[in-house]
Amino acid sequence: MGTVLGEMRNVPWHELQHAYGSASQVPGMLSRIAWGDGPTAEDALSDLGQWIAAPAVFDATVAAVPFLWELAATETVRDRAGVLELLAAILASGHDLHPEWTRAAHDAVVAGRPTAARLAADASSAEAEAEAQTHTHARAQAQARQQAVRDAAVRLLAAIDGHTCTACPPRTV
């Protein structure tokens with residue numbers, strides 16, 4: 001697995017729940033997001049969103065959020081903007097029967113605010129620089145991906161800074 005998602009093995013996923021039952025498959029989904037090709041990563045991100053964010057959060061959500069932040073910050077991840085959008089969806093979701101899961105999931109998203117701020121301010125990335133050296137089409141794709149990451153990070157920052165819900169205490173920024 002390398003260093004990206006290296007700590008994932010320390011989480012007792014089989015003891016956690018997502019929308020459809022045991023969270024034992026969550027590590028596989030996170031790995032597909034990290035290393036899958038475009039369609040594989042997109043499918044995994046969509047499935048994971050249905051499991052841990054829509055329409056509710058779960059204890060598996062709380063465990064997954066730090067890894068989502070790690071993926072958002074890793075330039076080789078194909079859909080970092082999608083990962084940031086999933087974090088925003090988690091911040092907007094809750095669980096009526098388990099407000100402690102809601103608060104813990106929201107706190108985990110808010111804890112990554114410095115990463116979102118860095119991504120929102122990032123004018124260029126090593127990924128964009130490397131691809132820009134190949135040819136014009138690749139450069140345009142890299143620039144579009146980087147802009148999508150910046151835009152998603154700006155939206156997530158706004159959501160974090162304006163977040164209020166019944167499970168979370170008022171925040172100061």
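Given the structure is predicted, the values throughout are model-derived calculations rather than measurements.
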Exam field: side chain [X] to backbone [Y], donor-acceptor pair closer than 3.5 Å:
X	Y	result
Asp59	Leu16	no
His106	Ser93	yes
Trp13	Met8	yes
Ser46	Asp43	no
His98	Trp101	no

Pairwise distance [atom1]([X]) to [atom2]([Y]) - rounded to 0.5 angstrom:
X	Y	atom1	atom2	value
Gln143	Arg145	CD	CZ	10.5 Å
Glu70	Thr115	CD	OG1	10.0 Å
Arg113	His163	CZ	NE2	14.0 Å
Thr166	Asp96	OG1	CG	8.0 Å
Thr76	Trp35	OG1	CH2	8.5 Å

Apply the test side chain to side chain contact (heavy atoms under 4.5 Å, CB included) to residues Val26 and Phe67: give CA-CA distance (whole Å), side-chain angles for both, the deciding distance (0.1 Å), then the verdict. CA-CA 11 Å; Val26 169; Phe67 300 109; over 6 Å; no
Please evaluate residues Trp69 and Leu84 with respect to the criterion side chain to side chain contact (heavy atoms under 4.5 Å, CB included), reporting the C-alpha separation (whole Å), side-chain torsions for both, the decisive distance (0.1 Å), and the verdict. CA-CA 8 Å; Trp69 276 119; Leu84 292 167; 3.9 Å; yes
Is there a chain of hydrophobic side chains (I, L, V, M, F, W, Y, each step under 4.5 Å between heavy atoms) that links [X] to [Y]?
X	Y	result
Val77	Leu86	yes
Val154	Leu119	no
Leu156	Val62	no
Leu5	Val109	yes

Heavy-atom closest contact ([X] atom, [Y] atom, distance):
X	Y	result
Cys165	Thr102	SG-CG2, 4.5 Å
Gly36	Ala41	O-CB, 4.1 Å
Gln17	Phe58	O-CB, 3.1 Å
Val149	Arg80	CG2-CB, 3.7 Å
Gly82	Asp79	N-OD1, 2.8 Å
Ala73	Arg118	CB-NH2, 3.4 Å

Go through Val4 and Leu71 one step at a time and tell me if the side chain to side chain contact (heavy atoms under 4.5 Å, CB included) criterion holds. CA-CA 8 Å; Val4 175; Leu71 293 174; 4.1 Å; yes
May I ask you to test the [X]-[Y] pair for a side-chain heavy-atom distance under 4.5 Å?
X	Y	answer
Leu68	Leu30	yes
Ile52	Ile90	yes
Pro169	Arg103	yes
Leu91	Val110	yes

Does anything in residues 13-34 form a salt bridge (charged side-chain N to carboxylate O under 4.0 Å, His left out)? List the pairs, not counting sequence neighbours.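 Not a single pair qualifies under salt bridge (charged side-chain N to carboxylate O under 4.0 Å, His left out).
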Does atom CG of Asp37 have more than 12 heavy-atom neighbours from other groups under 6.0 Å away?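 More than 12 within 6.0 Å, yes.
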What residues form a salt bridge (Lys or Arg N to Asp or Glu O under 4.0 Å) with Arg155, not counting sequence neighbours?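 For Arg155, the residues satisfying salt bridge (Lys or Arg N to Asp or Glu O under 4.0 Å) (neighbours in sequence not counted) are Glu85.
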